[in-house]
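Everything on this sheet refers to the single structure shown next.
For the single chain, residues carry numbers from 1 onward in sequence order. Please read all numbers here as calculations on a predicted model, not as lab measurements. In listed order, ligands and their atoms are each counted from 1.
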Amino acid sequence: MAVDGGVHLSAITKILDETQPEGLGTKVPLPHVLEEGPFAGFTIHSSSATVNAGDVIRNQIDTVLFTHSHLDHISAVVINTAGLPGSRPKRLVGQECTIEALKTHVFNNIIWPNLSDENNGAGLVTYLRLAEGGNPAIGDGGGKGYLELADGLGVKLFSVSHGHCIERKPTRGSSNFRYGSFDTSSTTASPRGAPGSTAASGPPSLFRGSGGGQEKETISVYDSSAYFIRDYATGREILIFGDVEPDSMSLSPRNITIWKEAAPRIVSKDLVAIFIECSYDNSQSDDRLFGHLTPRYIIQELQALAATVEMVAHAPPKFDSTKKRKREAEQGASKANNAAVADGDDRAISPKSTRPAKKGSSVAMTSPDHNGIDTPHIATPTAEVSLTELEADTSETAHVPLTPQSANVLHGLKVIIIHIKEKLVDGDPPGATILSQLQKAESEARLGCEFIISSTGQSFLF
Ligand SMILES: [Zn+2]
Ligand SMILES: [Zn+2]
């Protein structure tokens, strides 16, 4: 199983090149079982790292979990798939909007051939659309809601926000619903610093004349994903984020939902590592984040996680959550129905959702708390530890940055930093700057977690 595939074959080739022994096929007989590196235990049949990497992709990686459809996360998988057909279709997995984007904008016989097994395609890939928050009908105990997508590995997906855009479109008809989305026709608010922000002074609905027609501004939040991946044998889990923005900057703050899901697993020591992006160091200004994180926002998010962990750890181990689950399930069904009824002209062709503002919230939305946003998410019955009380607490106070009361709440947790953007200038490598900024902030916040800067070819054993 792979998560995203921006580099894929070339990175695997590099790893094999660096870990294959000298003299393959002469001093070292083939086939050979690799003894070093992330592919230790894998049998290679060639002295060529490129050929062996092709073997890995063709025969070993069955499933690719996509966090979102941006090019840097899909390009290599898209390009390599045609050249490396295996004996069965590769499974491309993601939330519905990600899959629809791949289907509509990539494998569409224009940008790339339709290699899928839908719409009369070539059948080299097959799509699997995951429900947000897991599938409550599958699995039980600690593995409830996890879908087994590789032998012994279960997966649960959550949506996260990865920036937003403001689109201007001619108005047509009465409804502008996207699948799983909400109409924003009464919304003109923008977050602070956003270009074209007119929320504080603008009317509740903005229509602009253009060439005799009318245009409507629509704010769309771009949906990315985070995956919990669970090893059934040990019960251990990792959490991998795709590109993600901080809740404090988001029009649709959803990281807190993930922290609530993660907190009981940190308390039980099952969640051992979080892979999270840090695209820039702290010198990047807020208006140039483009839906990404910097060290200061990672610390802010981890403080929210730590505060949630504290609440779970100190919560009385009781209460019947059945009623709440039932209520959530009903609400979820009702939202789904609304979306289905209103689903009009603009199907889920792009991984973004339009979000509504509650009445009178436009001023609030220009402040960092974005308190007026109704964040839709499919209700997820949580497993052993229900978080009803936290739910009430945090939804009322989501605009107040959460901070833990005690030190070292996240002790033992590894936070692995991914998606560091190269600056392409002389000076310290960006990873070194980011690590020192994280460590400095951590020493003040006293979270207790360990930061690791990821690098190509690294392997982790938890
Ligand atoms: Zn992205
Ligand atoms: Zn990216």
Sidechain N-carboxylate O distance under 4.0 Å for Asp281, Lys423: yes
Would you sort out whether Lys90 and Thr126 count as a side chain to side chain contact (heavy atoms under 4.5 Å, CB included), showing the intermediate values? CA-CA 6 Å; Lys90 213 160 279 306; Thr126 188; over 6 Å; no
Of all the N, O or S atoms in Asp72, the one nearest to the Zn ion (ligand 2) is OD2
Could you identify the N, O or S atom of His419 positioned closest to the Zn ion (ligand 2)? NE2
Suppose we only allow N, O or S atoms; which atom of His70 ends up nearest to the Zn ion (ligand 1)? ND1
Indicate if the distance from the Zn ion (ligand 2) to the nearest N, O or S atom of His292 falls below 2.8 Å. no
Going by ring pair (Phe, Tyr, Trp, His ring centres under 6.0 Å), name the pairs with one or both residues in residues 412-444, residues two or more places apart or in two chains. His73-His419, His292-His419
Give a yes or no on whether a salt bridge exists between Lys156 and Glu261, defined as a side-chain N under 4.0 angstrom from a carboxylate O. yes
Name of the Asp243 atom (N/O/S only) found closest to the Zn ion (ligand 1): OD2
The Zn ion (ligand 1) to nearest N/O/S of His68 below 2.8 Å: yes
So, using ring pair (Phe, Tyr, Trp, His ring centres under 6.0 Å) as the criterion, who are the partners of Tyr146 when residues are at least two apart? none
